[in-house]
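Proteins get letters first, then strands, A, B, ... in listed order; numbering begins at 1 in each. The structure displayed is predicted, hence computed values, not measured ones.
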Amino acid sequence: MPAPIRLRELIRTIRTARTQAEEREMIQKECAAIRSSFREEDNTYRCRNVAKLLYMHMLGYPAHFGQLECLKLIASQKFTDKRIGYLGAMLLLDERQDVHLLMTNCIKNDLNHSTQYVQGLALCTLGCMGSSEMCRDLAGEVEKLLKTSNSYLRKKAALCAVHVIRKVPELMEMFLPATKNLLSEKNHGVLHTSVVLLTEMCERSPDMLAHFRKLVPQLVRILKNLIMSGYSPEHDVSGISDPFLQVRILRLLRILGKSDDDSSEAMNDILAQVATNTETSKNVGNAILYETVLTIMDIKSESGLRVLAINILGRFLLNNDKNIRYVALTSLLKTVQTDHNAVQRHRSTIVDCLKDLDVSIKRRAMELSFALVNGNNIRGMMKELLYFLDSCDPEFKADCASGVFLAAEKYGTDSLTSLHVTAVLSCVLAGSYVRDDSVPNLIQLITNSVEMHAYTVQRLYKALLDDISQQPLVQVASWCIGEYGDLLVSGQCEEEEPIQDEVLDVLEGLLVSNLSTPVTRGYALTAIMKLSTRFSSVNRIKKVVSIYGSSIDVELQQRAVEYNALFKKYDHMRANPNPNIAVITIHASNSTEAEMTDFVFQAAVPKTFQLQLLSPSSNVVPALNQGTVTQVIRVLNPQKQQLRMRIKLTYTHKGSPVQDLAEVNNFPPQSWQ
Amino acid sequence: MIKAILIFNNHGKPRLSKFYEHYTEDTEQQIIRETFHLVSKRDENVCNFLEGGMLIGGSDYKLIYRHYATLYFVFCVDSSESELGILDLIQVFVETLDKCFENVCELDLIFHVDKVHNILAEMVMGGMVLETNMNEIITQVDAQNKMEKSEVTSVLA
């Protein structure tokens, strides 16, 4: 059998493929060749074949048949084999496959290998993908290596230990002795990973946290040396000495100083020093400054330091670099609960960020803006947020609408009703992003803002014409049309208003649409019914309602049947011309010098009649004939008898109550014949 | 913790994919595609941070990326990593590759993806940052490469 082709060759071949199908063919051919080569148990070319397999795996092709081969490579004596074998294991294997346990013995041997790079490979693989069983078996070896003087191995052992602790938390205690002099290391790699290990232990266990608090002075010293040491070519990154280590230490200090006065005090000075002395012209400096700010905000720092921190964030917000602005917004979000007033000072800058072109910055600014809304700034903020809701990308609409709605609910007051309603409308119009249970709240809100009824129903109607798929929107819109339909067609709106039949078309459309839920259909049917008292096309409505009397949906059926009954038995209640109903309007005027207050008109009719008194226009009759009070009386007279009425007037005139009784018998015959 | 490190080109072709958490092969490919989709939409002058896609873990995870010529370097991290720090780390990674390959270009990554893995293994281990000193990393990588060469008939590539 010819020697398997080199990896380079394979890559070159695959790159010549012009179509996906061609590539697949080449891959399949090579896979077949690799499989036969594996079957021959050829040691020489195994690592070449596995390397090719890994390449194909990266492109997305299945490579699981190489798993066992990786194990064989790991067991080989050659470094080249082991290197590819371990890489393959990390890429192809995970703890869900049983084969991975076969690695345990190899790793154990390699952890004790004479060559540090082999030990390194073993540590790396264990630290990446070691299962809980493997970690349990090999923790002892890792702990041993944590104490070695070889810095290359020590740093790897530290990270491996982190992985072991994550997989088997009970083993954490075991590593405690080894941590004793980790921080005395000179090697920065070891220092770095040691700090990571200490951080992990502190985060997992309050006891460890308490135990490691005594390290604060040492950490402060290390940090100080890094800042003050001057130029060190070995660790320099853009003019700063090992910024990565500085950031790590700052993070650990944060954890140690949180809720602990003594530790916080011990780190106060160094934090102030870092905050004021760090060079901010490069990203590395800003990374350190950012971490410092977060630490200051999290520990029990003095107020002067906190103000310094927030001001640094404020400066970040104005930085040209978008990354800096982004992290500033992120940190402000974290501190807005605890230092609300300080963050409020930067509100206008934050609101400006809503207009940034960058999606990530916009999102952060939006979250922060919602956190900053309070009773004092609701008006201004709401304007900005509504503008944002209107113009933002669809991916934001959901969260923005929720936020606006919550803010309006929490801080909206009576004097801000129109703003409130606009806010809420915008949310609803933003789509189905408003929760279903907020529909009754919205309706309540709309009811209360009387002056906005016409505007509201018009906007909602227009929205319905565009889209009937969003249920909350449809429900609120149907309810409004039913309630304020007369305003919709009456000419009160500036724009072209629909005619009655068009409105009924829309509502009927909702009833039959597949997109409408049963709840929505209920709303639509009720709305149509309500319109029977506002519109003149009663017969059409009657027809629609009677159809649904036999609907499969029980809720709908019940409604329709009840509405049908209304049509039949209580039709006399309608405002429509009905020969049995006499409509009488009374006008009360007052020619005396003093006004009449608490004016109440009452009437009684004989038994065969039914009387309905609608609300009067007012209960104050102005003096000197300056105005009248009107009231409508509807009298049902099915037997067409002569109409007689006894009336009683009560009012207060010049401070004293007055009562007047009278009988009216001279109604014109047309009113009752 | 770093969840994944991905390198792909302007057309979405993967040049390196390293996952520090377990996903099935299909999911891995989906993540690569989704990440490419998210990152390629980005303008040139926006910030280098993106909320991660749904597949890779949702709200706690961010994508931190840098675009160099024809390649995207994307690190998917959770909130325990400093965003600005990771940006610096990507820079160190690229500079290291540059030193190791002498003016690295996409072709180098294509034909020597195993070497890139070896370099990365000296920088990030188990999703955590291992070593950030470029010279230290290069020294160790060179030593290991020498070991390979010294073994009789290197039949790898």
Apply side chain to side chain contact (heavy atoms under 4.5 Å, CB included) to B:V129 and A:R248, showing your working. CA-CA 10 Å; B:V129 177; A:R248 280 283 163 212; 4.1 Å; yes
Assess whether salt bridge (charged side-chain N to carboxylate O under 4.0 Å, His left out) is satisfied between B:E122 and A:K156, documenting all intermediate values. CA-CA 9 Å; B:E122 294 300 327; A:K156 291 203 173 191; 3.3 Å; yes
Mind running salt bridge (charged side-chain N to carboxylate O under 4.0 Å, His left out) on A:E9 and A:R12 for me, showing each step along the way? CA-CA 5 Å; A:E9 209 45 58; A:R12 218 172 271 144; 3.7 Å; yes
Check step by step if ring-ring contact (aromatic ring centres under 6.0 Å, His included) holds for A:Y117 and A:Y152. CA-CA 9 Å; A:Y117 292 114; A:Y152 175 73; 5.2 Å; yes
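Using cut-offs of 30° and 60° for the angle between ring planes, the B:Y72 and B:F36 rings count as perpendicular.
Here A:R364 pairs with A:E367 in a salt bridge; the nearest charged N to carboxylate O distance falls below 4.0 Å. Under 4.0 Å is where a charged nitrogen must lie from a carboxylate oxygen, and between B:E95 and B:K99 no such pair does.
If you measure heavy-atom distances from A:D242 to chain B, the contacts under 4.5 Å come from the side chain alone. In this structure, no portion of A:R325 lies under 4.5 Å from any heavy atom of chain B. Contact annotation for A:T115: only side-chain heavy atoms (C-beta onward) come within less than 4.5 Å of a heavy atom of chain B. The contact between A:T330 and chain B is made entirely by side chain atoms (from C-beta outward), counting heavy-atom distances below 4.5 Å. Residue contact with chain B, scored on non-hydrogen atoms closer than 4.5 Å, is absent for A:K52. Contacts between A:P62 and chain B at a heavy-atom distance below 4.5 Å involve backbone atoms as well as side-chain atoms. With a 4.5 angstrom heavy-atom cutoff, A:H188 does not touch chain B via any of its atoms. Proximity to chain B (any heavy atom under 4.5 Å) is shown, for A:L59, by both the backbone and the side chain. With a threshold of 4.5 angstrom between heavy atoms, A:V247 approaches chain B through side-chain atoms but not through N, CA, C or O. Contacts between B:M1 and chain A at a heavy-atom distance below 4.5 Å involve the side chain alone, from C-beta outward. For A:F79, the parts sitting under 4.5 Å from any heavy atom of chain B are the backbone and the side chain alike. Heavy-atom distances place both the backbone and the side chain of A:S360 under 4.5 Å from chain B. The contact between B:L107 and chain A is made entirely by side chain atoms (from C-beta outward), counting heavy-atom distances below 4.5 Å.
When each of B:G85, B:C47, B:A121 is scored by its heavy-atom pairs under 4.5 Å with chain A, the top score falls to B:C47. Put simply, of B:R42, B:E136, B:H112, the one with the most heavy-atom pairs under 4.5 Å next to chain A is B:R42. Among A:H163, A:R251, A:H192, A:E291, the residue with the largest count of heavy-atom pairs under 4.5 Å with chain B is A:R251. The residue among A:N323, A:V327, A:T199 with the most heavy atom pairs within less than 4.5 Å of chain B is A:N323. Contacts with chain A were tallied for B:V113, B:I110, B:D26; B:I110 has the most, counting heavy-atom pairs under 4.5 Å. The greatest number of non-hydrogen atom pairs below 4.5 Å with chain B, out of A:D358, A:V359, A:T193, is found for A:D358. For the set A:L87, A:L54, A:L92, A:L159, the entry with the most heavy-atom pairs within less than 4.5 Å of chain B is A:L159. Between chain A and the residues B:N45, B:L130, B:V92, the largest count of heavy-atom pairs under 4.5 Å involves B:L130. No other option in B:Q144, B:Q140, B:M147, B:K13 has as many heavy-atom pairs under 4.5 Å with chain A as B:Q144. Comparing B:N48, B:D88, B:N135, B:L87 by how many heavy-atom pairs each has under 4.5 Å with chain A, the most go to B:D88.
Dense packing is recorded around NE2 of B:H22, with more than 12 heavy atoms of other residues, nucleotides or ligands lying under 6.0 Å away. Heavy-atom contacts from other residues, nucleotides or ligands closer than 6.0 Å to NZ of A:K282 number 12 or fewer.
A side-chain donor from one of B:T27 and B:T24 sits under 3.5 Å from a side-chain acceptor of the other.
Two residues are said to be in side-chain contact when any heavy atoms from C-beta on lie closer than 4.5 Å; B:D98 and B:Y68 fail this criterion. The closest side-chain heavy-atom distance from B:N145 to B:V141 is below 4.5 Å.
Rounded to the nearest 0.5 Å, atoms CG (B:L89) and CE (B:M123) are 4.5 Å apart. The line from CD of B:E21 to SG of B:C76 is 9.5 Å long, rounded to the nearest 0.5 Å.
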